[in-house]
Amino acid sequence: MARAWRHFCARRDYDAVVCLDIGEVATLIDESVGAILLTEEALVEDVDKLKAALEAQPSWSDVPFVLLAAPRTSRTPNGRMSQLRLFDLASNSVVLERPLGRASLLSAVASAVRLRAKQFQMRDRVEELDESETRLRLATSAAGVGTWDFDLITGELKWDKRCRTMFGIISGRDVSYEAGFLAGLHPDDRERAHEAVNDALRPDGSGEYEIDYRTIGIEDGVERWIAAKGGTIFMEGKAVRFVGTAIDISERKRTQEALARSEAELRREREALDDLNRNLERRVAQRTAELQEEMAARGRAEEALRQAQKMEAIGQLTGGIAHDFNNMLTGIIGGINLAKRRIASGRVEDVQLAATKELLERTLPETITIELSVPTDVGYALADANQLESALLNLAVNARDAMPQGGRLTITAERLWISGSQNGGLDAGQYVMIDVADTGVGMSPDILEKVFDPFFTTKPIGQGTGLGLSMIYGFAQQSGGEVRIDSTPGKGTSIKLYLPATSDGEMPEARIDTGTPFEGSGQTVLVVEDDDAVRLLICEVLTDLSYRVIEAEDADVAIRVLRDQGKIDLMVSDVGLPGMNGRQLADVARQHRPDLPVLFVTGYAENAATKASFLGTNMGMIGKPFAVEALASKINEMVNPVGRSEQT
């Protein structure tokens with residue numbers, strides 16, 4: 001029979017293996033077996049081995065059996081039927097009762113083989129599914145995609161690890177639709193997400209689910225953006241499962257938001273640029289007007305600054321003007337008083353024009369030679385002698401400043417007849433012309449045009465007021481004459497004073513009224529004064545009043561005198577000395593001579609010296625200009641207070 005079976009299988013392209021018993025069949029069951037043809041008589045022993053082999057098959061494998069049962073009669077023993085029931089352990093079997101035809105047997109075997117082939121196909125499909133599932137798992141893991149499965153029958157919600165992380169669940173806690181999904185949604189997105197789920201579960205809907213929502217981590221509290229996609233499985237018109245995927249899109253949302261902000265900013269900039277382009281002309285005009293206003297404001301500010309600087313300069317000049325005026329007035333008034341005294345005492349020769357030479361020699365440095373040429377027949381000018389002397393002194397000082405390295409100062413006088421054709425602004429008649437010429441630096445034409453303007457000066461601020469030549473011009477005009485100037489740069493300057501002259505050449509009569517100042521008795525007085533004219537006047541007055549005089553042009557010279565000289569009865573000092581001022585000099589003097597009386601002379605109209613705190617013990621003050629009598633009285637008061645009281 002075994003030979004016949006092999007022959008039968010070979011004709012049908014089947015490979016047949018013949019086994020002697022059930023035990024051998026059990027050892028051969030594997031994936032190469034297509035079907036097992038088994039006779040009932042073989043089910044005598046080793047059934048347990050067969051059962052164990054069948055249970056060891058893979059899950060997809062269920063080897064088909066074709067059982068050839070012995071013919072059945074009413075007399076068939078019950079034991080055989082029992083063996084057939086034992087064969088129920090083979091779940092995939094067909095029982096054929098012998099005898100049977102070849103066609104029936106072939107049909108049963110072919111059917112078993114086809115069934116086995118479907119098992120192999122199922123195996124391959126399972127393997128493919130496993131592979132696909134593995135790839136899907138790897139892909140979702142790499143992409144950070146989470147999966148969820150909601151069993152709508154049991155209410156069980158399954159989340160993988162990534163999906164749980166998206167809802168901020170770190171522990172292994174159970175989740176549900178309400179306590180997991182809805183509880184983890186952002187309050188602002190909860191209603192919208194729940195409604196989207198309900199729409200996907202409606203039988204009359206598409207069953208599709210796609211939404212973006214925010215979560216608030218249930219355990220970590222972190223806010224995330226999630227994109228979810230899924231679908232519903234329906235059975236008989238009823239939703240039974242709801243499955244899908246979820247992915248964390250927080251970074252993408254942040255990028256989108258940043259991009260949206262950038263786009264909005266770019267849009268605003270573009271709109272602003274469009275607006276700027278549309279209104280460029282208006283803006284340019286507006287900015288031009290603003291710039292013009294700024295320039296005007298700057299001009300006003302600069303003008304205010306210049307005005308402030310001008311006022312500051314005028315303020316600085318004020319002290320110098322007052323000082324210079326007072327010094328000139330001191331020279332004028334003092335000279336007048338001195339002239340009165342000398343005329344009253346019969347010393348008329350001392351008040352002629354030639355007496356000015358001594359004053360000039362003491363005013364100008366030794367590097368300047370003074371040449372005086374006044375003919376005896378020049379006659380007299382109809383002008384104030386003191387103003388004339390002051391004018392000559394001012395011209396000499398200007399010449400000194402024009403000859404810093406030294407030079408020659410020439411003063412000449414001559415009597416002239418000015419006719420109507422050559423008067424140049426002068427009335428026809430007799431004039432005394434006084435010419436003061438120097439060999440200094442000279443002046444350019446543009447400066448010559450302004451020399452007689454008030455306050456015009458080429459000297460630094462504080463060293464000149466610009467009033468000297470303008471006062472001389474005014475003096476000449478008031479006297480009925482004029483001033484003419486001629487100067488060449490590098491060759492010197494010549495200034496000519498034209499003053500009306502007396503017709504007969506005799507000195508006009510003048511009424512002299514003098515007082516009787518207090519006189520000294522040989523006391524020594526130290527005079528400290530930087531102005532040459534004032535110092536000369538004070539020294540002349542003190543000498544006439546019988547005082548012994550020591551001169552000092554500044555504080556340094558005075559200190560040497562105070563240190564080396566013998567007895568000094570009084571120090572007369574100007575307050576505004578160069579370098580150390582008069583008050584500081586007095587403090588130094590008191591260190592050498594604690595009881596030395598000090599008389600301050602000031603030419604400033606307003607000064608700190610006027611304050612009571614300025615004067616110390618045995619100190620006095622007299623302001624410029626002063627009368628000779630007032631100076632003599634003040635000196636007598638301080639040198640001989642007892643004598644003053646006796647003479648008063």
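What you see below is based on every heavy atom in this structure, not just the backbone, and it leaves out hydrogens, waters and symmetry mates.
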request  = Take atom CD of Glu366 as the centre, draw a 6.0 Å sphere, and report whether it contains more than 12 heavy atoms from other residues, nucleotides or ligands.
outcome  = no
ask   = Which heavy atom in Phe600 sits nearest to a heavy atom in Ala586, and how many Å separate them?
value = CZ-CB, 3.7 Å
request  = Go through the steps for Glu290 and Arg287 under the test salt bridge (charged side-chain N to carboxylate O under 4.0 Å, His left out), then give the verdict.
outcome  = CA-CA 5 Å; Glu290 292 174 354; Arg287 183 54 182 160; 3.1 Å; yes
ask   = In this structure, are over 12 heavy atoms from other groups packed under 6.0 Å from Gln405 atom CD?
value = no
message = Are Ile550 and Thr524 packed together at the side-chain level, in the sense that at least one heavy-atom pair is separated by less than 4.5 angstrom?
response = yes
inquiry  = So which atom in Val575 and which in Asn581 form the shortest heavy-atom distance, rounded to 0.1 Å?
reply    = O-CB, 3.3 Å
ask   = Where is the tightest heavy-atom contact between Ala399 and Leu409, given as atom of each residue plus distance?
value = CB-CD1, 3.8 Å
query = Does Arg484 make a cation-pi contact with Tyr498, if we ask for NZ or CZ under 6.0 Å from the ring centre and within 45° of the axis?
reply = yes
task = Might you confirm whether atom CZ of Arg408 has over 12 heavy atoms from other residues, nucleotides or ligands at distances under 6.0 Å?
result = no
query = Is a salt bridge present between Arg590 and Asp587, judged by a nitrogen-to-oxygen distance below 4.0 Å?
reply = no
query = Is the shortest distance from a Lys or Arg side-chain nitrogen in Arg300 or Glu303 to a carboxylate oxygen in the other one below 4.0 Å?
reply = no
key: Arg298 atom CZ, neighbour heavy-atom count above 12 within 6.0 Å   = no
inquiry  = Between Thr493 and Ser487, is there a side-chain donor-acceptor contact under 3.5 Å, judged purely by atom types and distance?
reply    = yes
Smallest separation among heavy atoms of Tyr380 and Arg415, with atom names = N-NH1, 4.4 Å
Where Val534 and Glu529 come nearest, the two heavy atoms and their spacing = CG1-OE1, 3.8 Å
Pair Glu263 + Arg270, salt bridge at N-O below 4.0 Å = no
message = To the closest 0.5 Å, what do you measure between CG (Asp486) and CE (Met443)?
response = 9.5 Å
query = Can you tell if the side chain of Lys567 reaches within under 4.5 Å of the side chain of Arg548, non-hydrogen atoms only?
reply = no
key: Ionic contact status for Arg254 with Glu257, cut-off 4.0 Å   = no
ask   = So, do Ile538 and Val525 sit near enough that their side-chain heavy atoms are less than 4.5 Å apart?
value = no
query = With a 4.5 Å heavy-atom cut-off, do Arg535 and Asp532 have their side chains touching?
reply = yes
query = How far does CD1 of Ile368 sit from CE of Met403, to the nearest 0.5 angstrom?
reply = 4.0 Å
request  = Would you indicate whether the side-chain heavy atoms of Asp435 and Ser494 approach each other to under 4.5 Å?
outcome  = yes
task = Would you indicate whether the side-chain heavy atoms of Asp530 and Leu577 approach each other to under 4.5 Å?
result = yes
ask   = Between atom CG of Leu562 and atom CE of Met571, what is the distance when rounded to the nearest 0.5 Å?
value = 6.0 Å
ask   = Can you name the nearest heavy-atom pair linking Leu526 to Ala552, along with the distance?
value = CD1-CB, 4.2 Å
